Amino acid sequence: MTSLIREFVFALIIVNCLAFRATTPLIKNIQRGGRHFEGPHWSTTENALYWVDIGGQKVYKLDSETNNITSRNISYGPVSLVVSVKDNPKLILITVRSEQYLLNWDAPEGDSALRLLSAVDLGLPDNRCNDGKVDANGRLWFGTMGKEVQETVEPDQGTLYMMDSTNYLNPVPKVRPVTTSNGLAWTADNKFMFYIDTPTRNIDVFDFDLLNGSVRNRRTLFSFQANNVTGYPDGMTIDSDGNLWVACFNGWKVIKIDSRAGKLLEQHKLPVAKVTSVMWGGHDLSTLFVTTSREGLTQAEFTTQPEAGSLYAIEGTGSKGLPENQFIFPDAANY
């Protein structure tokens, strides 16, 4: 009996050790010195991560083969999202102010390399684009936000748009009004779309029709207030198990949510408060890249969190993502 008890206790210790190891992933700082890092996008064709610095007006690229990081300066204005263009390596779509542009990464430096696709929110000069993602049919869903003063955004001035190769001159409004259009994600079967309007502190879900790109039946999946989660929901991604991973702005963490039950599953703390967005990447899509910001921090706050404005990589979560969709625009190279 004593021997059996000893074996049972030993097995229990092993299980607990494995469980502990599975819930203590490794967090690496990949790039420091950003002002307001945002919008990470993994290009599987290039094995590279793109992301932006909104306030710093830059687009960054991490080559996973060499770990080399390069950047492009966008002097025209704040750049808020970046996605790759299908069948066109090193060609990206970015938003600057309230416009959408194509940019060849290898083009000569300078804003003359930007090729304008469209502009939205005309008549609202203080508005700018914010977050966006591409759906499984290659359409870009992107949102806008109103005038921002010290993290307070003028309410109900923004819109969530859908843009493809046929309507790019006049992207179609899909959800309005919104205040700060933010994270987007779709289920693998494309039956549901998740959406964040940050000041609501909610993650909402729509019924989604992939064929015609329609959304309906909006309802709240997860409430930060009801679940006692600090901060505000910002960028978001989904893993291969259908769970949502959400950046908590002013919340010091990333959270994992069951997208079916709306249940909080995990919290991953970071050494900075302003966590802005998340994206799966790496050769097997098991690395969670996390962007953060130092925008608006006082000197005293920055002293206590000197890594604010960094790009992080979290490894060992036990989860992995799905390949990120790319924007489809025929003959984009010659546009």
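Sequential numbering from 1 along the given sequence is applied to the chain's residues. Not measured: the values here are computed from a predicted model.
In the hydrophobic clustering of ILVMFWY residues, with side-chain heavy atoms under 4.5 Å counting as a link, Val120 and Leu169 come out together. Hydrophobic clustering of Ile, Leu, Val, Met, Phe, Trp and Tyr side chains at less than 4.5 Å, counting indirect connections, unites Ile238 with Leu221. Hydrophobic cluster membership is shared by Tyr168 and Val85, with clusters built from Ile, Leu, Val, Met, Phe, Trp and Tyr side chains linked at under 4.5 angstrom. No path of Ile, Leu, Val, Met, Phe, Trp and Tyr side chains, each step under 4.5 Å between heavy atoms, connects Val278 with Phe289, placing them in separate hydrophobic clusters. Linking ILVMFWY side-chain heavy atoms closer than 4.5 Å, directly or via other members, places Val79 and Trp51 in two distinct hydrophobic clusters.
A distance of 7.5 Å separates CD in Gln267 from SG in Cys248, rounded to the nearest 0.5 Å. Note that CG of Asn67 is 8.0 Å distant from CD1 of Ile69, once rounded to the nearest 0.5 Å. Atom-to-atom distance recorded for Asp204:CG and Asp197:CG is 8.0 Å, nearest 0.5 angstrom. Of the inter-residue distances, the one linking Leu184 atom CG with Thr237 atom OG1 reads 10.5 Å to the nearest 0.5 angstrom. Interatomic distance, Trp141 CH2 to Leu81 CG, rounded to the nearest 0.5 Å: 15.0 Å. Rounding to the nearest 0.5 angstrom, the gap separating the CZ atom in Phe37 from the CG atom in Leu311 is 6.5 Å.
A heavy-atom distance below 4.5 Å is not found between the side chains of Tyr101 and Arg115. Between Ile92 and Lys61 there is no side-chain heavy-atom pair separated by less than 4.5 Å. Here the side chains of Asn88 and Leu102 are not in contact, with every heavy-atom distance at 4.5 Å or above. Taking 4.5 Å as the limit, some side-chain heavy atom of Leu117 sits within range of a side-chain heavy atom of Phe329. Between Ile94 and Leu114 there is a side-chain heavy-atom pair separated by less than 4.5 Å. Residues Asn130 and Asn182 meet the side-chain proximity criterion, which asks for heavy atoms closer than 4.5 Å. Counting heavy atoms from C-beta outward, Arg72 and Leu103 have side chains that approach closer than 4.5 Å. Put simply, the side chain of Pro199 does not reach to within 4.5 Å of the side chain of Val153, judged on heavy atoms.
Using modelled atom types and a 3.5 Å distance limit, the side chains of Thr159 and Thr144 yield no donor-acceptor pair. Between the side chains of Asp111 and Ser75, a donor-acceptor pair is found at a separation under 3.5 Å. Between the side chains of His41 and Ser84, a donor-acceptor pair is found at a separation under 3.5 Å. A donor-acceptor contact under 3.5 angstrom links the side chains of Asp121 and Tyr161, judged on distance only. A donor-acceptor pair shorter than 3.5 Å cannot be found between the side chains of Asn47 and Ser64. Under 3.5 Å, the side chains of Ser310 and Thr292 contain no donor-acceptor pair of N or O atoms. Checking Asp239 against Trp280 by side-chain atom types alone, no donor-acceptor pair falls below 3.5 Å.
In this structure, Asp241 contributes its side chain and Ser319 its backbone to no donor-acceptor pair below 3.5 Å. Of the possible polar contacts, none joining the Asn170 side chain to the Asn167 backbone as a donor-acceptor pair under 3.5 Å is found. Without hydrogens or angle criteria, Ser277 side chain to Pro40 main chain gives no donor-acceptor distance under 3.5 Å. Side chain of Thr276 to backbone of Ser293: no donor-acceptor contact under 3.5 angstrom is found. Panel note: side chain Asn325, backbone Lys133; no donor-acceptor pair is recorded below 3.5 Å. A donor-acceptor pair is defined here as one N or O able to donate and one able to accept, closer than 3.5 Å; such a pair exists between the side chain of Glu46 and the backbone of Lys90.
Judged as a side chain to side chain donor-acceptor pair (under 3.5 Å), the pairs with a partner in residues 224-233 (not counting sequence neighbours) are, in order, Thr230-Lys253.
Ring geometry, Tyr195 versus Phe206: the interplanar angle falls from 30° to 60°, so the pair is classed tilted.
Using a cutoff of 4.0 Å between basic side-chain nitrogens and carboxylate oxygens, Asp207 and Arg216 are scored as salt-bridged.
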inquiry  = One pair to check against side-chain contact (heavy atoms from CB on, under 4.5 Å): Trp245 and Leu288. What are the steps and the verdict?
reply    = CA-CA 9 Å; Trp245 295 71; Leu288 186 69; 3.7 Å; yes
Verdict with supporting geometry, Glu154 and Asp126, side-chain contact (heavy atoms from CB on, under 4.5 Å) = CA-CA 10 Å; Glu154 186 176 356; Asp126 293 322; 5.6 Å; no
message = For Asp164 and Asn137: C-alpha separation, side-chain torsions, deciding distance, then whether side-chain contact (heavy atoms from CB on, under 4.5 Å) applies.
response = CA-CA 9 Å; Asp164 61 22; Asn137 272 7; over 6 Å; no
request  = Tell me, with the steps shown, if Thr95 and Ser80 meet side-chain hydrogen bond (donor to acceptor under 3.5 Å, both in side chains).
outcome  = CA-CA 6 Å; Thr95 55; Ser80 55; 2.6 Å; yes
task = Go through the steps for Trp186 and Asp135 under the test side-chain hydrogen bond (donor to acceptor under 3.5 Å, both in side chains), then give the verdict.
result = CA-CA 7 Å; Trp186 290 267; Asp135 69 21; 5.4 Å; no
task = Any chance you could lay out the side-chain contact (heavy atoms from CB on, under 4.5 Å) test for Lys28 and Glu315, step after step, and finish with the verdict?
result = CA-CA 8 Å; Lys28 298 179 180 178; Glu315 298 176 348; 3.4 Å; yes
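Enclosure of atom CG in Asn250 by more than 12 non-hydrogen atoms of other residues, nucleotides or ligands within 6.0 angstrom is indicated. Within 6.0 Å of the NZ atom in Lys174, the count of heavy atoms belonging to other residues, nucleotides or ligands exceeds 12.
When each of Val246, Val229, Leu244 is tested with Phe222 by the rule side chain to side chain contact (heavy atoms under 4.5 Å, CB included), just one qualifies, namely Val229. With Lys274 as reference, Glu151 is the one residue of Gln305, Glu295, Glu151 to meet the side chain to side chain donor-acceptor pair (under 3.5 Å) rule.
Minimum heavy-atom separation, Arg201 to Pro233: CA-CD, 3.6 Å. Between Asp209 and Leu211, the closest heavy-atom pair is OD1-N, 3.0 Å. Smallest separation of non-hydrogen atoms from Asn73 and Gly56: OD1-O, 4.2 Å. Of all non-hydrogen atoms in Leu285 and Leu322, the two that sit nearest each other are CD1-C, 3.5 Å. Summarising the geometry of Leu160 relative to Ser181, their closest heavy-atom pair is CD1-OG, 3.9 Å, with the distance given to 0.1 Å. Here the closest non-hydrogen pair linking Trp42 and Ala48 is CE3-O, 3.4 Å.
Tyr50 and Trp105 have their aromatic ring centers within a separation under 6.0 angstrom.
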